[in-house]
Amino acid sequence: MKLSLSYDRYLDAVWGGWIGKSIGGAIGARFEGYKGWIELDPHDLFPETIPPNDDLDLQVLWLKVLEDKGAALTSDDLAAAWLEGCWYPFNEYGVFRRNWRLGIHPPDSGRYGNAFWETGEGCPIRSEVWGYVCPGAPDLAAAFARKDGQLDHTEQSIGAERMFAAMAAMAFFVSDVRRLIAMNLQYLPANTPIERLCRAAIEAYDEGLSLRAARERLLTYEGVPEACDAQINVPFTVLGLLYGGGDLQETLLCALRCGYDTDCTLATAGALIGQILGAARIPASLKDPIGDQLVMGIAYHREEMTLQALARDTVRVGALLCNEVNGACEITDQPALRPLPPQARNPRLTVAYRGLPCAAPGETVAVDVSVSGPLPADPQTLIIAPPTGWTCLPETAVVSATQRTATFYLHMAADVARVQQANLFTLRLGELQHTFGVVGAGLYRFLGVYFDPLPPEGDDLARRRRMNHHFVSWGKDYTEGVEPDELYARWSRVLNKPAVLVSRENEVDLRQVAGLQGACVAYFDRMIVSPDERDVYLLIGNTDAFRLRLNGEELVAADERLAWSPFNTVVPAHLHAGANYLWLELTRRGDDMRFTLAVRERGPRGYNGHDWCVDLADVNPLAD
């Protein structure tokens, strides 16, 4: 049986959702990242100035893509709009922007080099628009949400966006929050931390635990230290919704008390309750402080920058989709609406990598190319054009309406002089053209691994342990001043192969060249080529002590042990035009060590406010 929703009720609910989203974001922004318990006097809810809200900004941009593309929109359409209309380079947003510029399309753009932020909050917070344009059709809303989420995330965060989108799709008809959550948990990937913690949140609520006790249980079960991780923030959002009891202000305060990514948890919870209430029923004490102005921080702006106009335009798209693809709901009493543009059905090319979209000299990457959409009856020739230093086998393939896939093997020459970060390939099928990329790996020369067989003199405790451990001394030069070229040659003889470490996804993994266990010190160097002179940030994820030199200058010497994150150490640096010599010492004092190094543009917005560099290259030691 088809659901029915009047146009006026539809508009009021969507307007209420956008208002609730804005209220939550405004209240929570001041406390973002605070991981303690937060008590706030209801009289002090709002800041003096309402800030832009990245939870809402991208959804406004997604509405533009819906208006332009309709139900036929693809992840690539969203990606292209993001690069054009949204400058945000933070966290997983920056990873997506980097990957897209390297020619890596969704879903790989959300996977490659995204180990820390793949479970970030960045896509669960932009779920509402998909539910708003799919009233009564949770599966359709979740399908749109997947196209969005896979730009910059993997399954846990994508699942959370799908769940919230489905909840918004059904909140037009189901006002019981507990039921809404239970109905849509199915969109979370089964037996993952985010799914287990959301179920634990419901169980704690059903058991009658206090909010504080429920929060403590979730953190104890599977809490994470990253403030903006969906694995903990989505369950905290669920707690806010459950313990808020359908009251908008109390819901926001409950979500706020849990801390962590408060602008996001409050905005998501506020949007759902605001939608259920509708704009007309939101108390003036919450609605008036934010007004009707649509405050955005991105370049794209709509003709009318109000929440009311945003709601009206969202409902127009949703009503038209109900007429076209959403068979679950009928919008009654709708006015005459300007139709969505007709969508031409053209062939489309997609690329799937067999493994990582990354290669070092002498390596081959296999890709499967698929053709969707209409094709002529006669067979068509699919042509691939590689960048310099690469070959493709085959160079052409035949596709047709009955044979829609082809496999290409992309090989980087072993003796290529420079390994570019960006290696773009072009596929052509008639007049259709598609560009994709393979990332050139970073190349470090291995200069040796060393340890002390005995502890320092006078360390009696260490001497007692000498039978069980190796030892290292921070600050000691284990290379004894031997030139790097000589060390590289020596350790190539030791390994009986070129002593080169291939860095994929920015990782410097000692295990690739040395299986030595226990405490040790390892040395590496690398020649990075910049097309121009520039200031950059070196972003380092370290778990143990290290030293780093660039062009003979010691930039940092850190004697510390900590958990890994990509931004543990941030080093301002200057690259010359041409080759730049990087030297690295890594210390491992425990069972394991992790180290990553990446290069980001430097500017006034700080180390997380500018794009990652994608135009650098490595000198290939194997080409000598």
Side-chain angles (χ1 to χ4, degrees), residues 53-69 71-131 133 140-165 187 189 194 228-230 234 261 264 268 297-300 348-353 356-357 422 424 434-437 439 505 566 608 611-612 614:
N53 184 355
D54 67 332
D55 300 39
L56 184 55
D57 288 352
L58 276 168
Q59 297 196 70
V60 177
L61 190 56
W62 293 168
L63 180 60
K64 174 66 164 59
V65 181
L66 279 162
E67 291 170 329
D68 290 344
K69 301 291 184 179
L73 71 85
T74 66
S75 292
D76 279 6
D77 293 329
L78 297 172
W82 186 334
L83 261 291
E84 180 181 351
C86 176
W87 64 271
Y88 293 157
F90 321 117
N91 301 348
E92 61 263 45
Y93 294 175
V95 172
F96 155 72
R97 290 176 59 86
R98 179 200 66 201
N99 285 342
W100 182 258
R101 292 161 67 211
L102 289 168
I104 302 175
H105 295 249
D108 294 281
S109 61
R111 299 172 184 155
Y112 184 76
N114 199 19
F116 192 75
W117 294 297
E118 64 180 316
T119 55
E121 270 283 272
C123 75
I125 63 175
R126 52 184 199 247
S127 63
E128 288 84 15
V129 66
W130 309 119
V133 300
L140 182 59
F144 279 128
R146 176 177 289 282
K147 293 179 182 182
D148 171 13
Q150 65 188 9
L151 269 64
D152 53 346
H153 295 85
T154 56
E155 285 306 310
Q156 288 199 74
S157 287
I158 294 170
E161 181 176 1
R162 283 161 54 81
M163 179 183 74
F164 285 140
Y187 294 102
I194 198 168
C228 298
D229 195 293
V234 168
D261 200 0
C264 294
T268 299
I298 64 175
Y300 171 70
R348 179 170 171 262
L349 298 172
T350 57
V351 174
Y353 303 87
L356 290 177
L424 300 180
H434 179 77
T435 301
F436 71 97
V439 181
E505 300 183 285
N608 201 20
D611 280 320
W612 299 90
V614 297

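- Classified by interplanar angle (parallel below 30°, tilted 30° to 60°, perpendicular above 60°), the ring pair His434/Phe436 is parallel.
- Using modelled atom types, one side-chain atom of Trp87 and one backbone atom of Gly297 make a donor-acceptor pair closer than 3.5 Å.
- Scanning all heavy atoms of the two residues, the minimum distance from Trp82 to Trp62 falls at CE3-CH2, 3.9 Å.
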Side chain to side chain donor-acceptor pair (under 3.5 Å) between Asn114 and Asp152, intermediate numbers included: CA-CA 8 Å; Asn114 199 19; Asp152 53 346; over 6 Å; no

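- The salt bridge (Lys or Arg N to Asp or Glu O under 4.0 Å) analysis of residues 85-97, with sequence neighbours excluded, yields the pairs Arg97-Asp611.
- Residues Glu118 and Ser157 are not in side-chain contact: their nearest non-hydrogen atoms beyond the backbone lie 4.5 Å or more apart.
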Intermediate values then yes/no, salt bridge (Lys or Arg N to Asp or Glu O under 4.0 Å), Glu155 and Arg111: CA-CA 10 Å; Glu155 285 306 310; Arg111 299 172 184 155; 5.7 Å; no

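- The distance from atom CH2 of Trp130 to atom NZ of Lys147, rounded to the nearest 0.5 Å, is 8.5 Å.
- To the nearest 0.5 Å, atoms CH2 (Trp612) and CG (Leu102) are separated by 12.0 Å.
- In this structure, CZ on Phe116 lies 9.5 Å from SG on Cys228, to the nearest 0.5 angstrom.
- Here the closest non-hydrogen pair linking Ile194 and Ala160 is CD1-CB, 3.8 Å.
- Using a 4.5 Å heavy-atom threshold, the side chains of Val439 and Ile104 count as touching.
- Remark: the backbone N or O of Leu151 is paired with a side-chain donor or acceptor of Ser109 at under 3.5 angstrom.
- A side-chain contact (heavy atoms from CB on, under 4.5 Å) with Leu78 is found for exactly one of Leu66, Leu73, Leu83, namely Leu73.
- Aromatic ring pairs are classed by plane angle as parallel below 30°, tilted from 30° to 60° and perpendicular above 60°; the pair Trp100 and His105 is perpendicular.
- Considering OH of Tyr300 and CD of Glu84, their distance stands at 10.5 Å, rounded to 0.5 Å.
- Closest approach of Leu61 to Ala81, counting heavy atoms only: CD2-O, 3.5 Å.
- Side-chain atoms of Asp148 never come within 3.5 Å of backbone atoms of Cys123 as a donor-acceptor pair (strictly under, hydrogens ignored).
- Between Tyr187 atom OH and Phe164 atom CZ the span is 14.0 Å, to the nearest 0.5 Å.
- Gln156 and Pro189 make their closest contact through CA-CG, 3.8 Å (heavy atoms, listed as atom of the first residue, atom of the second, distance).
- At a threshold of 4.5 Å between non-hydrogen side-chain atoms, the residues Asp57 and Arg126 do not count as touching.
- Listed by chain and residue number, nothing satisfies the salt bridge (charged side-chain N to carboxylate O under 4.0 Å, His left out) test with Arg98 (two or more places apart in sequence, or in another chain).
- Taking every heavy atom of both residues into account, Pro106 and Asp76 meet most closely at CD-OD1, 3.3 Å.
- With hydrogens and angles disregarded, a donor-acceptor distance shorter than 3.5 Å links the side chain of Gln59 to the backbone of Asp55.
- Of all heavy-atom pairs between Leu356 and Tyr112, the closest is CD2-CD1, 4.1 Å.
- In terms of modelled atom types and a separation under 3.5 Å, the side chain of Asp77 and the main chain of Thr74 share a donor-acceptor contact.
- Note that CZ of Arg101 is 11.0 Å distant from CZ of Phe96, once rounded to the nearest 0.5 Å.
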